[in-house]
Undergrad: 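Sharing a structure below in structure tokens format, with a few things to ask.
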4 protein chains.
Amino acid sequence: MCPLIQQVEAVCAKRARRKEARPGELLAAALDLFVEKGFAATKAEEVAARAGVSKGTLFLYFKSKEELFKAVVRENISGNFPAWNAEFDNFQGSTAEMLSYAMNAWWAHVGATQASGITKLMMSEARNFPELAAFYQDEVIRPGNALLARILQRGIDRGEFRPVNIKYGVHSVLAPLMFLTMWKHSLGACVGQDVELVPKDYIAAQIDTLLNGFCTPAKTTLSPTLTQFTPYPLTGDSQA
Amino acid sequence: MCPLIQQVEAVCAKRARRKEARPGELLAAALDLFVEKGFAATKAEEVAARAGVSKGTLFLYFKSKEELFKAVVRENISGNFPAWNAEFDNFQGSTAEMLSYAMNAWWAHVGATQASGITKLMMSEARNFPELAAFYQDEVIRPGNALLARILQRGIDRGEFRPVNIKYGVHSVLAPLMFLTMWKHSLGACVGQDVELVPKDYIAAQIDTLLNGFCTPAKTTLSPTLTQFTPYPLTGDSQA
Amino acid sequence: MCPLIQQVEAVCAKRARRKEARPGELLAAALDLFVEKGFAATKAEEVAARAGVSKGTLFLYFKSKEELFKAVVRENISGNFPAWNAEFDNFQGSTAEMLSYAMNAWWAHVGATQASGITKLMMSEARNFPELAAFYQDEVIRPGNALLARILQRGIDRGEFRPVNIKYGVHSVLAPLMFLTMWKHSLGACVGQDVELVPKDYIAAQIDTLLNGFCTPAKTTLSPTLTQFTPYPLTGDSQA
Amino acid sequence: MCPLIQQVEAVCAKRARRKEARPGELLAAALDLFVEKGFAATKAEEVAARAGVSKGTLFLYFKSKEELFKAVVRENISGNFPAWNAEFDNFQGSTAEMLSYAMNAWWAHVGATQASGITKLMMSEARNFPELAAFYQDEVIRPGNALLARILQRGIDRGEFRPVNIKYGVHSVLAPLMFLTMWKHSLGACVGQDVELVPKDYIAAQIDTLLNGFCTPAKTTLSPTLTQFTPYPLTGDSQA
DNA sequence: GATGAATGAGGATTCATTCAT
DNA sequence: CATGAATGAATCCTCATTCAT
């Protein structure tokens, strides 16, 4: 008679199994929705519903919607940089190969995944969450820039790259990736197939331009395979 | 004939000027706030207050907050493209110079002005305003891409640029500018001076990389002045 | 250039002529709208617009919307009762004829005119305007009931009518007329032709029933013309 | 199996009863207030307060104030007509008795209850809610008229009533009842005891007049008890 | 007088958050 | 722990009323 009773057995069974999964499911649901609609336009109840729990449960795990937001951001800023820096240290090939590899790897492990939503989120909401913005700068921007800077410096040091301005050269690499991310999560998600971007082709083209832009004249002629992505296993990265 | 006529001229003059000024003041205030805080987090009353009027007055000129938002977007998408296309047609120098000029001009006339806030806005809110997203694609994205495509094609046709993929080559130019815009209106507006971007230097560096990336080997050696911005007057553009 | 100037000449010409007509035009417009939509749902600006003046002008003539409402009610409760009582005093025919005449006259001079809207208005809004309700009782209900009571009493005194209860007998006459009025201004104004009431036929039928109900057995057979309305001139009644 | 089940029954019992009761409490409060003050002048918060809940709760059960209004109307138009038609079919006495019974029963089961407020409401607000007006015509006006028409037709067929015009004869019965309802909920609720109507006496008087008006001469002499109400149990009617 | 731009109190509605069950 | 009914602060928007012109 009361539909709750019917559900209870199922709930009893599942609850134990899912109990510890809850926060993760909530964070995933929240990331999706925050990315799609923004912080303010996302309703707590929607997040709970998408995570398959009730409104009350959401607040059991997160003190407030703002805390949920912060948790979403923190959760998805996995500290990949140690692993990535280790890869840098061990990388054997040319710096052109390294840069190509890095950009493709970024797409495979970040850009193409839900984690890329965090970038969109930070760009959209940073000014309402200065504390998070600072956190993001510390955890992502600075390490990321540093890693890119190391790559460029390596190229220059080895005579592979022209002596470009490191600080702004970093953004020549970063900007196309960030733009792709933003596009994917905003205007690119609406209408217009004529403006659609095919990530692999887009990235290949950017790599092509960049390497021509960075490399010393002698190196201008790149083997075409350089822009192809060879999927090195990225240590310490659990995201598919 | 009737003393009213005398009064009316005065009234027409003063009140009309007021009435005509209001929407502009409100749109300016709204642009500021929407860019700063996002659509949802901006209160109608704040916009009114910043424009120096009361809540009610805002709704006298815009049926709803959503209409205000749409008006803000439309208002700031002045049809610069005809003038820019005309400039393209009349441009005398090399395509490298043209590209350099175009990027610097974009910064001076768009990026550095409040109009750049619209880009941030569209990226942040597109998914909540699909109609506007379509409108923006029609009015901005497509014409913008087309103009950049014409520049690249000119370079290729004249043997100045390598035969790069036009569609994605466009984004090599676009992405650094879009990233600068997003950055300026989001994370760049918070904390950290170490990550601060100096627009002129940033753009000069991107031009440097791009031209090296686009140009044919023979042209690889650019005169350093190419990355300096010479302020051509932009016809039909009233923005400082 | 300023459209006001163009209108001014016309305004100058008309203003003198219309100046004293204004309040009347406003009251007429207000009556229409109050009847149609009720007090609260009627906007001051609508009233002004229908009267062909500006919002400001309305408040020049009526201190507030509530005052306007009161004025509308007061204005339309013309003191017809002295004239009607005089007619009663001078009436020559049978009381059946008198009753028939009175009901038809009421329709012609009140029910069919905008004045009937006042009844609708009082029924709908009385509880929000107790002061007006009292006024209406004094000026309309009591004199109206008294007049009907005199008619019934005359019929009884002359042996034409059965000795019915005067107080409630009055409502046997009143109710059909009030119902017709309410109907006309509410549900009757919406949809359904199958429930449409043809006032003349409706009133004729009510007169038929009432006279059969009131008259003494001997008088039961009425000449059929009794239910036809002969348009006696109603002294002191300016309404068409 | 799981202690939750035990809790759930209690919760189901108590909370569900609460949840089921809420809408009714709100509808009752809303009916009161809408009848008293009209739709527009009734504040949502007042309704909630009278129902003993908060503003927010009201909107938990009704999407908007307008939906609340519609629900109030629909709720109070219980389908009494099948039961009433059944009574008609089984009625044994004279048609005069039947009519008398019907009018008294209407008062006892509708006129005297809160349901009569709906009539007032529809008359007052019909023009602002055309859909509801149509609904009301379908659900109340037409079935009601049809039932009354059946009664009159029965009287005529059995030679008890004069061959009156059925369509308008219906309103001879209806009008006094409708007027009583309107009166009770409008002017009658204000001031003046001298114009007070005692429902039982009022109805008795109307019955008296109507029967005299409808009946054939031979039947003109009615037993005085006919106008007294004998409270037949009204099948399927739960209202006191 | 007349106008209509401006005002801001008032009311509908939303939604994060709480808490009894 | 989980639930979802209840809350009320916050916000959009309306419209009677004012007042400079």
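Just so it is clear: chains get the letters A, B, ... in the order the sequence lines come, proteins before strands, and each one is counted from 1. Keep in mind that what you see is a predicted model, and the values were worked out from it rather than measured. Only heavy atoms go into these numbers, but all of them, side chains included; no hydrogens, no water, no symmetry mates.
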Undergrad: Measure across B:A48 and B:L26 and return the closest heavy-atom pair with its distance rounded to 0.1 Å.
TA: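 Between these two residues, the closest heavy atoms are CA-CD2, 4.2 Å.
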
Undergrad: State which residues pass side-chain contact (heavy atoms from CB on, under 4.5 Å) with B:F129; sequence neighbours excluded, sorted by chain then number.
TA: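 Expected list: B:F39, B:E66, B:F69, B:E125, B:L132.
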
Undergrad: Which pair of heavy atoms, one from A:F62 and one from A:P23, lies closest together, and at what distance?
TA: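 Answer, listing the atom of A:F62 first, then A:P23: CZ-O, 4.2 Å.
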
Undergrad: Taking the minimum atom-to-atom distance to the side chain of C:V53, which one of E:dT14, E:dT17, E:dT3 wins?
TA: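 Of all the options, the side chain of C:V53 is nearest to E:dT3.
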
Undergrad: Measure CG/D:L60 against C1'/F:dG4 and give the value in whole Å, please.
TA: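 About 9 Å, once rounded to whole Å.
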
Undergrad: Nearest whole angstrom, please: distance from the P of E:dG11 to the CD of D:E46.
TA: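 Taking CD of D:E46 and P of E:dG11, I get 8 Å after rounding.
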
Undergrad: By side-chain hydrogen bond (donor to acceptor under 3.5 Å, both in side chains), which residues pair with B:K43, not counting sequence neighbours?
TA: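 Partners of B:K43 by the side-chain hydrogen bond (donor to acceptor under 3.5 Å, both in side chains) criterion come out as none, since no residue qualifies.
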
Undergrad: Could you walk me through whether A:V53 and A:Y61 satisfy the side chain to side chain contact (heavy atoms under 4.5 Å, CB included) test, starting with their C-alpha distance in whole Å, then the side-chain angles of each, then the deciding distance to 0.1 Å, before giving a yes or no?
TA: CA-CA 11 Å; A:V53 300; A:Y61 289 98; over 6 Å; no

Undergrad: I need the CG-C1' distance between C:L33 and F:dA16, as an integer number of Å.
TA: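 So the two atoms are 16 Å apart, to the nearest Å.
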
Undergrad: Judged by each residue's nearest nucleotide on DNA chain F, which is more toward the 5′ side, D:G56 or B:T42?
TA: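 Its nearest nucleotide being more 5', the pick is D:G56.
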
Undergrad: Quick one: does C:K120's side chain have a donor or acceptor within less than 3.5 Å of a partner on C:V35's backbone?
TA: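 Yes, C:K120 side chain to C:V35 backbone: donor-acceptor pair under 3.5 Å.
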
Undergrad: Could you check which of F:dC12, E:dA5, E:dG1 has an atom nearest any side-chain atom of B:A44?
TA: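 For B:A44, the side-chain atoms sit closest to F:dC12.
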
Undergrad: So which atom in B:I118 and which in B:N76 form the shortest heavy-atom distance, rounded to 0.1 Å?
TA: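 Minimum heavy-atom contact is CG1-CB, 3.3 Å.
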
Undergrad: Tell me: CZ of D:R22 to P of F:dG4, nearest whole Å?
TA: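 My rounded result for the distance is 17 Å.
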
Undergrad: Quick check for you: to the nearest 0.5 Å, what is the distance between C:S186 atom OG and C:M123 atom CE?
TA: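 Here the rounded value is 11.0 Å.
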
Undergrad: Can you run down the side-chain hydrogen bond (donor to acceptor under 3.5 Å, both in side chains) pairs that involve residues 27-37 of chain C, sequence neighbours left out, and say none if there aren't any?
TA: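 Qualifying pairs, neighbours excluded: C:D32-C:R50, C:D32-C:Q114, C:K37-C:E46.
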
Undergrad: What pairs with A:S54 under side-chain hydrogen bond (donor to acceptor under 3.5 Å, both in side chains), at least two apart in sequence or on another chain?
TA: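 With neighbours one apart ignored, the set is A:T57.
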
Undergrad: Consider the side chain of C:S54, meaning its heavy atoms from C-beta on, and name the nucleotide among E:dT3, E:dC15, E:dA5 that approaches it most closely.
TA: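 Ranking E:dT3, E:dC15, E:dA5 by closest atom to the C:S54 side chain puts E:dT3 first.
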
Undergrad: Assign B:L58 to base, sugar-phosphate, or nothing according to its heavy-atom contacts below 4.0 angstrom with the strands shown.
TA: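 Answer is nothing: B:L58 stays at 4.0 Å or more from every strand.
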
Undergrad: Identify whether any heavy atom of B:K55 sits under 4.0 Å from a base atom; if not, whether one sits that close to sugar-phosphate; answer base, sugar-phosphate or nothing.
TA: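 The residue B:K55 makes base contact.
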
Undergrad: Would you say a side-chain N or O of D:T57 is under 4.0 Å from OP1 or OP2 of F:dT7?
TA: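 For D:T57, the contact criterion (side-chain N or O under 4.0 Å from OP1 or OP2 of F:dT7) is met.
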
Undergrad: For DNA chain F, which residues of residues 64-73 of chain C approach it to below 4.0 angstrom with any heavy atom?
TA: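 Within this stretch, C:S64, C:K65 sit under 4.0 Å of the strand.
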
Undergrad: Toward the 5' end of DNA chain E, which comes first, A:K63 or D:K63, by nearest nucleotide?
TA: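 That would be D:K63.
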
Undergrad: If I take atom CD in residue B:E45 and atom C1' in nucleotide E:dA9, what distance separates them, rounded to the nearest angstrom?
TA: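 Value for this atom pair: 11 Å.
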
Undergrad: Given atom CZ of A:F39 and atom P of E:dA16, what is their separation to the nearest angstrom?
TA: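 Distance, rounded to whole Å: 8 Å.
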
Undergrad: Taking CZ from C:F59 and P from E:dG1, how many angstroms apart are they, rounded to a whole number?
TA: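 In whole Å, E:dG1 P and C:F59 CZ are 17 Å from each other.
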
Undergrad: Given pairs defined as Watson-Crick or G-U wobble with both distances under 3.5 Å, what dot-bracket annotation applies to DNA chain E, with ( ) intrastrand, [ ] crossing, | other strand and . unpaired?
TA: .||||||||||||||||||||

Undergrad: Does the side chain of C:Y61 get closer than 4.0 angstrom to OP1 or OP2 of E:dA2 through an N or O atom?
TA: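 Looking at the OP1 and OP2 atoms of E:dA2, one of them is under 4.0 Å from a side-chain N or O of C:Y61.
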
